[in-house]
Protein chains: 2
Amino acid sequence: MDNESKIRDLLSVHGLRKTPIRKEMLDVFMNHDFALSASDLVHKMTVGNDRVTVYRALVSFEEHGILHKASEDKNGVKYALSDHNNPHEHHSDQHIHFICDGCHQTYCIEGVVEHQVKVSSDFQVDRVNFTLHGLCKQCLP
Amino acid sequence: MDNESKIRDLLSVHGLRKTPIRKEMLDVFMNHDFALSASDLVHKMTVGNDRVTVYRALVSFEEHGILHKASEDKNGVKYALSDHNNPHEHHSDQHIHFICDGCHQTYCIEGVVEHQVKVSSDFQVDRVNFTLHGLCKQCLP
DNA sequence: AAACCAAACGCAACAATGTTGCGTTTATGT
DNA sequence: ACATAAACGCAACATTGTTGCGTTTGGTTT
Ligand SMILES: [Mn+2]
Ligand SMILES: [Mn+2]
Ligand SMILES: [Zn+2]
Ligand SMILES: [Zn+2]
């Protein structure tokens, strides 16, 4: 199934309208294997001309589980397609986020990070967030 | 040794001037056991009235290793005193950052997170960033 | 095909964080 | 006391993100 059909299906399944902007947003996501920010999208898109529309679509896509936040720092949030919608298949149910020190892209990658936490009982640890850092294939020497 | 003396020493050691603003900034940090943002500081301080001065002092303190970034998200960066300067002694050489889901404060805590990373060889992992999430002592039921 | 309507869009305005330039003040060594 | 670089204060700006509101439009109903 080609991307256009996938996109139409995806929007249909979630009861979202197939507008030019939202279709192109998903198309951009499907044509990149790393996470994108709102401004990344705005710059890559040909239709639409309003940041606000993109922000609101991102929120909607995240609420519907189409996208997820892949990384977040003071420079903003980057989103990526959620597991089942990602043609790159770099996803598994528990997937990992890798931020390249070279190209500064955020990748959703397969793999596992086993960890054992030992901290003071003054803190009840409910979950552990981690991000891997290093160099991606393109940036390796 | 009281905080005032510590602060004077700290600034002296790093060749920084003992100005009212910078002394009060360090005083505020020493009187809190969680990380603070630039705007946290501005609101807690009695001297000085310019965000820019605080931002520049934070950068300077970080460059000199007096402070370190304890957490960072889309709402901004929070700083904490670095290991040897922290009167709360929650620090060890490898310390951990805990973000409370209740009070949303970031704590530098002692402890370790042992981990084994297994990912595709397309990515060279140089370091793993961890953040623990849960409830702090004050927020526990 | 026309009508309907909520979803989506576009625009203006705003808030928060952070940065830069530049002139002024002040802490500190001489 | 003087000199000077560090630090400060102010204005201006950039970026990310949000809210309100009127308009357009995709999808449905008639
Ligand atoms: Mn991901
Ligand atoms: Mn810390
Ligand atoms: Zn890279
Ligand atoms: Zn708490």
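Proteins come first, then strands; the chains are lettered A, B, ... in the order of their sequence lines, and each starts at number 1. Values reported hereafter were calculated over all heavy atoms of this structure, with side chains retained and with hydrogens, waters and symmetry mates removed.
Ring pair B:F34/B:Y107 is perpendicular by interplanar angle, where above 60° counts as perpendicular and below 30° as parallel.
Spacing between atom NE2 of A:H43 and atom P of D:dA14 amounts to 13 Å, rounded to whole angstrom units. Atom CG of B:N75 is separated from atom C1' of D:dT18 by 12 Å (rounded to the nearest Å). The distance between atom NZ of B:K23 and atom C1' of D:dC8, rounded to the nearest whole Å, is 15 Å. Residue B:F61 contributes atom CZ, which lies 15 Å from atom P of D:dA6 at whole-angstrom precision. Between the CD atom of B:E72 and the P atom of D:dT15 there is a distance of 18 Å, given to the nearest Å. Separating the CG atom of A:L41 from the P atom of D:dG17 is a distance of 11 Å, rounded to the nearest angstrom. Atom CG of A:L11 is separated from atom P of C:dC9 by 10 Å (rounded to the nearest Å). Between the OH atom of B:Y55 and the P atom of C:dG21 there is a distance of 18 Å, given to the nearest Å.
Checking D:dC8, D:dT25, C:dG18 against every side-chain atom of B:A38, the shortest atom distance belongs to C:dG18. Nearest nucleotide to the B:R51 side chain, out of D:dA5, D:dA12, D:dC8: D:dA12. In this structure, the nucleotide among D:dT19, C:dA7, D:dG9 sitting nearest to the side chain of A:R56 is D:dT19. You'll find that the side chain of B:K74 is closest to D:dG17, out of D:dG26, D:dG9, D:dG17. Closest to the side chain of A:P20, out of C:dT17, C:dA27, D:dG26, is D:dG26. Of the listed nucleotides (D:dC10, C:dA8, C:dG18), D:dC10 has the atom at the smallest distance from the side chain of B:D50.
Base contact: B:V52 has a heavy atom under 4.0 Å from a base atom. Within 4.0 Å of A:S37, counting heavy atoms only, lies no atom of the nucleic acid at all. Nucleic acid contact class of A:R22 (heavy atoms, under 4.0 Å, all strands): sugar-phosphate only.
Ionic pairing of A:E114 and B:K118 is present here: one or more N-O contacts between side-chain nitrogen and carboxylate oxygen are shorter than 4.0 angstrom. A salt bridge does not link B:D50 to B:R56: none of the charged nitrogens lies less than 4.0 Å from a carboxylate oxygen.
Remark: A:T19 is in phosphate contact with C:dC9, judged by side-chain N or O atoms under 4.0 Å from OP1 or OP2. Close to C:dC11, at under 4.0 Å from its OP1 or OP2, lies a side-chain N or O of A:N49. The side chain of B:T53 contributes an N or O atom lying less than 4.0 Å from OP1 or OP2 of D:dG9.
Residue side chain B:R17 reaches the base of D:dA6 through a donor-acceptor N/O pair under 3.5 Å, judged by distance alone.
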*Starting from the C-alpha separation in whole Å, work towards a yes-or-no answer on side chain to side chain contact (heavy atoms under 4.5 Å, CB included) for B:H68 and B:C108.*
CA-CA 10 Å; B:H68 68 281; B:C108 299; 3.6 Å; yes
*Show your reasoning for whether side chain to side chain contact (heavy atoms under 4.5 Å, CB included) applies to A:H97 and A:E72.*
CA-CA 11 Å; A:H97 294 128; A:E72 179 171 356; over 6 Å; no
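Between B:R22 and B:R17, every side-chain heavy-atom pair lies at or beyond the 4.5 Å cut-off.
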